[in-house]
Amino acid sequence: MSEQAQRPTPQQLLVAACLEWGISEADLLGPGRSADLVDARREIAVVLRARGGRLESIGHVLHRHRTTVMSLLARAQRDKSLTGPPRAV
(Lines give C-alpha, C1' and ligand atoms only; values in the text may rest on other atoms or scores of the structure.)
Protein backbone atom coordinates (compact mmCIF):
# COMPACT_ATOMS: atom_id res chain seq x y z
CA MET A 1 0.00 0.00 0.00
CA SER A 2 1.37 3.44 -0.85
CA GLU A 3 2.21 6.10 1.74
CA GLN A 4 -0.53 8.30 0.25
CA ALA A 5 -3.15 5.61 0.88
CA GLN A 6 -2.02 5.16 4.50
CA ARG A 7 -2.22 8.84 5.48
CA PRO A 8 -5.40 9.86 7.25
CA THR A 9 -7.70 12.25 5.43
CA PRO A 10 -8.30 15.71 6.89
CA GLN A 11 -11.64 14.45 8.24
CA GLN A 12 -9.90 11.50 9.91
CA LEU A 13 -7.40 13.92 11.45
CA LEU A 14 -10.29 15.94 12.89
CA VAL A 15 -11.86 12.82 14.39
CA ALA A 16 -8.53 11.64 15.82
CA ALA A 17 -7.83 15.06 17.34
CA CYS A 18 -11.30 15.15 18.90
CA LEU A 19 -10.78 11.73 20.45
CA GLU A 20 -7.28 12.60 21.67
CA TRP A 21 -8.29 15.94 23.18
CA GLY A 22 -11.71 14.80 24.44
CA ILE A 23 -13.59 17.47 22.50
CA SER A 24 -16.46 17.38 20.04
CA GLU A 25 -16.05 18.10 16.34
CA ALA A 26 -18.64 20.87 16.70
CA ASP A 27 -16.47 22.53 19.37
CA LEU A 28 -13.29 22.04 17.35
CA LEU A 29 -14.83 23.71 14.31
CA GLY A 30 -16.86 26.25 16.28
CA PRO A 31 -15.95 29.71 17.55
CA GLY A 32 -14.46 28.59 20.88
CA ARG A 33 -10.97 29.78 21.76
CA SER A 34 -10.11 27.73 24.83
CA ALA A 35 -6.56 26.40 25.01
CA ASP A 36 -7.51 22.79 24.29
CA LEU A 37 -9.43 23.78 21.15
CA VAL A 38 -6.64 26.01 19.88
CA ASP A 39 -4.00 23.36 20.60
CA ALA A 40 -5.99 20.70 18.74
CA ARG A 41 -6.48 23.03 15.76
CA ARG A 42 -2.78 23.87 15.77
CA GLU A 43 -1.78 20.21 15.65
CA ILE A 44 -4.11 19.57 12.72
CA ALA A 45 -2.80 22.65 10.90
CA VAL A 46 0.80 21.51 11.40
CA VAL A 47 0.08 18.07 9.95
CA LEU A 48 -1.82 19.43 6.96
CA ARG A 49 0.84 22.06 6.23
CA ALA A 50 3.59 19.42 6.45
CA ARG A 51 1.71 17.54 3.72
CA GLY A 52 1.88 20.62 1.53
CA GLY A 53 -1.58 21.96 2.31
CA ARG A 54 -2.31 25.55 1.32
CA LEU A 55 -3.34 28.00 4.03
CA GLU A 56 -6.76 28.43 2.42
CA SER A 57 -7.32 24.66 2.27
CA ILE A 58 -6.32 24.17 5.90
CA GLY A 59 -8.59 27.06 6.86
CA HIS A 60 -11.45 25.40 5.02
CA VAL A 61 -10.94 22.15 6.94
CA LEU A 62 -10.80 23.98 10.29
CA HIS A 63 -13.51 26.54 9.43
CA ARG A 64 -10.97 29.33 9.93
CA HIS A 65 -9.57 32.18 7.83
CA ARG A 66 -6.15 31.63 6.29
CA THR A 67 -4.65 34.33 8.54
CA THR A 68 -5.80 32.35 11.57
CA VAL A 69 -4.05 29.30 10.12
CA MET A 70 -0.92 31.43 9.66
CA SER A 71 -1.09 32.36 13.34
CA LEU A 72 -1.56 28.74 14.42
CA LEU A 73 1.47 27.67 12.38
CA ALA A 74 3.63 30.54 13.63
CA ARG A 75 2.81 29.64 17.21
CA ALA A 76 3.60 25.99 16.53
CA GLN A 77 7.06 27.03 15.34
CA ARG A 78 7.64 29.07 18.49
CA ASP A 79 6.25 26.43 20.83
CA LYS A 80 9.09 24.18 21.96
CA SER A 81 6.63 21.58 23.26
CA LEU A 82 5.61 20.73 19.69
CA THR A 83 9.01 19.36 18.71
CA GLY A 84 7.74 15.79 18.38
CA PRO A 85 5.08 14.46 16.02
CA PRO A 86 1.59 15.88 16.61
CA ARG A 87 -0.70 13.70 18.73
CA ALA A 88 -3.40 13.64 16.05
CA VAL A 89 -1.28 11.53 13.68
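Here the structure is a predicted model, which is why all the values come from computation and not from measurement.
Atoms CG and CD, on Asp39 and Glu20 in that order, are 12.0 Å from each other to the nearest 0.5 Å. Distance check, rounded to the nearest 0.5 Å: SG of Cys18 to CG of Leu13 gives 11.0 Å. With rounding to the nearest 0.5 Å, the separation of CD in Glu56 from CD1 in Ile58 is 9.0 Å. From Leu73, atom CG reaches atom CZ of Arg75 across 12.5 Å, with rounding to the nearest 0.5 Å. Distance check, rounded to the nearest 0.5 Å: CH2 of Trp21 to CG of Asp27 gives 14.0 Å. Here His60 contributes atom NE2 and Arg54 contributes atom CZ; the two are 11.0 Å apart, rounded to the nearest 0.5 Å.
Between Leu28 and Ile44 there is a side-chain heavy-atom pair separated by less than 4.5 Å.
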Steps toward side chain to side chain contact (heavy atoms under 4.5 Å, CB included) verdict (Leu55, Arg49): CA-CA 8 Å; Leu55 297 174; Arg49 187 65 170 178; 3.8 Å; yes

Full working for side chain to side chain contact (heavy atoms under 4.5 Å, CB included) between Leu14 and Leu62: CA-CA 8 Å; Leu14 291 178; Leu62 295 174; 4.0 Å; yes

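Smallest separation of non-hydrogen atoms from Ala40 and Ile23: CB-CD1, 3.9 Å. The two residues Val15 and Glu25 come nearest to each other via the heavy atoms CG2-OE1, 4.3 Å. Pairing each heavy atom of Leu48 with each of Pro10, the nearest pair is CD2-CG, 4.1 Å.
The side chain to side chain donor-acceptor pair (under 3.5 Å) contacts involving residues 62-72 comprise His65-Thr67, where partners must be two or more places apart or lie in separate chains.
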